[in-house]
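For reference, the structure is listed below as structure tokens.
Quick caveat: nothing in here was measured; it's all calculated off a predicted structure.
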Amino acid sequence: MTAVVDTEAGPGPARSGLVAVARAPGWVRYALLAAGLVAAFWLPNGLYPAVAVDILCWALFAVAVDLLLGFTGLMSFGHAAFWGTSAYVTGLVAIHAGLPFPLAVLAGALAAAVLAVPIGYLAVKRTGIYFAMVTLAFAQMVYYVANEWRSVTRGENGLQGVPRELFGLDLTDDYYFYYAILPIVLLGLAAAWRIVHSPFGRVLVGIRDNPARARALGYPVHRYKLTAFVLSGFIAGLGGGLFAVGHRFVSLDVLHWTTSGKAVIVVVLGGIGTLWGGVLGAAIVVRLEDWLSFSGFESIGLVTGGIFVLVVLLFRRGVWGSVAALALRWMAARRR
């Protein structure tokens, strides 16, 4: 099968963001890439390093969710299962095996991918709200197992003292730890970008826009969806493992349904189907939560929820998507 699903004509959420960047002159794309790398290297100098670490972790999580929501059309309310499973596996491997934290994080991400196989196999047979509810149900099952399996997870007490071992280097300072995990995060983001821009990614967008047409062209729709689900679980697992090592503690909160909800809010705020919108949304939400907590404001969820409602009502393409759409119109106007 050599046919490629046509995705250029569809009005899907990925169009305004990615197409605007793809059609921009080469120097614009390189300038955006350079600006992003400069911002990434500067971040712990402009923010509290621990907050910068959280932004990186949540950025991976948001990109993983957007890979499903924006490019496959699957709304997952259960991705905390993969984020949390990886966090626990990473913590256990780091504590009991004493491996360098990159290997522990890799083990956690692989565990998340393995868990995504049976969950995805059952979930991708459903669509819309039914898919969302199935993923939520499985995530709650994982939460229950973690809560009851106290001999391993230590229940409500959580895993404490997760080490940051890296060949004897002192990474107790969050500033140095940030730069130690930055290459892993960049590799995860690069992998997501490659998935989206590959023929496989184009088929995913085609399945999102018109699954019946993709099926008629001979593409095994369920198999593609399952593959995307597993890849998304792996990337979410990378973020969850780094989050566990960054906090040096793993609690049941990493598996709670509100964690999945927060990831969806981050993606919608940044822009569904824009990929990099998840990174921007993570930076906004994590920084806002940090600022509100230090100001003594207790109802943080009220503020983030209110912002979510405003974005849905006024900026349906999210921050990145809206800016990219304006850039696309500006480039079109210049050609006239």
Side-chain angles (χ1 to χ4, degrees), residues 7-8 10-49 51-67 69-71 175 178-202 204-205 235 238-239 242 266-288 311 315-336:
T7 61
E8 289 299 317
R15 181 174 173 80
S16 63
L18 291 181
V19 172
V21 176
R23 290 183 176 177
W27 69 267
V28 173
R29 296 196 296 270
Y30 287 118
L32 288 173
L33 176 60
L37 291 176
V38 169
F41 281 96
W42 168 84
L43 198 59
N45 296 285
L47 297 177
Y48 188 57
V51 177
V53 169
D54 279 356
I55 289 175
L56 291 186
C57 298
W58 279 96
L60 275 178
F61 195 12
V63 167
V65 173
D66 195 27
L67 184 62
L69 178 58
F71 298 94
Y175 182 85
Y178 174 91
Y179 289 106
I181 70 172
L182 183 58
I184 300 176
V185 174
L186 292 178
L187 285 174
L189 295 178
W193 182 89
R194 188 67 189 92
I195 291 170
V196 167
H197 289 82
S198 67
F200 172 80
R202 291 178 61 85
L204 289 182
V205 176
I235 296 175
L238 280 180
L242 293 175
V266 168
V267 172
V268 173
L269 176 61
I272 299 174
T274 61
L275 200 64
W276 307 126
V279 179
L280 182 60
I284 295 173
V285 171
V286 172
R287 182 67 183 94
L288 179 63
V311 169
F315 304 98
R316 300 191 65 180
R317 292 175 174 173
V319 176
W320 182 279
S322 298
V323 172
L326 290 175
L328 189 63
R329 292 177 184 174
W330 178 76
M331 287 188 292
R334 287 193 62 185
R335 294 192 183 99
R336 294 174 183 174

*For F41, does the CZ atom have more than 12 heavy-atom neighbours from other residues, nucleotides or ligands under 6.0 Å away?*
no

*asked:* Could you check whether atom OH of Y48 has more than 12 heavy atoms from other residues, nucleotides or ligands sitting under 6.0 Å from it?
replied: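 Check fails, neighbour count at 12 or below.
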
What distance separates [X] [atom1] from [Y] [atom2], expressed to the nearest 0.5 Å?
X: T274; Y: L280; atom1: OG1; atom2: CG; result: 8.5 Å
X: C57; Y: I181; atom1: SG; atom2: CD1; result: 5.0 Å
X: L33; Y: W276; atom1: CG; atom2: CH2; result: 8.5 Å
X: L275; Y: L189; atom1: CG; atom2: CG; result: 7.5 Å
X: L204; Y: L67; atom1: CG; atom2: CG; result: 7.0 Å
X: L182; Y: L242; atom1: CG; atom2: CG; result: 10.5 Å

_Pairs satisfying salt bridge (Lys or Arg N to Asp or Glu O under 4.0 Å), at least one member in residues 34-44, at least two apart_ =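 Counting only pairs at least two positions apart or across chains, no salt bridge (Lys or Arg N to Asp or Glu O under 4.0 Å) contact touches residues 34-44.
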
Contact summary for [X] and [Y], nearest pair of heavy atoms:
X: L56; Y: Y178; answer: CD1-CE1, 3.3 Å
X: A180; Y: P183; answer: O-CD, 3.6 Å
X: G70; Y: I272; answer: CA-CG2, 3.6 Å
X: A62; Y: V267; answer: O-CG2, 3.3 Å
X: P44; Y: P49; answer: O-CG, 4.0 Å

*Do I235 and F61 touch side chain to side chain, with heavy atoms closer than 4.5 Å?*
no

*L47 vs I55 side-chain heavy atoms within contact, under 4.5 Å*: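 They are in contact (side-chain heavy atoms under 4.5 Å apart), so the answer is yes.
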
*Go through the structure and list residues passing salt bridge (Lys or Arg N to Asp or Glu O under 4.0 Å) with R287, not counting sequence neighbours.*
D290

*Using the side-chain hydrogen bond (donor to acceptor under 3.5 Å, both in side chains) rule, collect all pairs that involve residues 52-62, keeping only residues at least two apart or in two chains.*
D54-H247

_Check against side chain to side chain contact (heavy atoms under 4.5 Å, CB included), N45 and Y175_ = CA-CA 8 Å; N45 296 285; Y175 182 85; 3.0 Å; yes

*asked:* Using only atom types and a distance under 3.5 Å, with no angle test, would you say the side chain of D66 pairs donor to acceptor with the backbone of G278?
replied: no

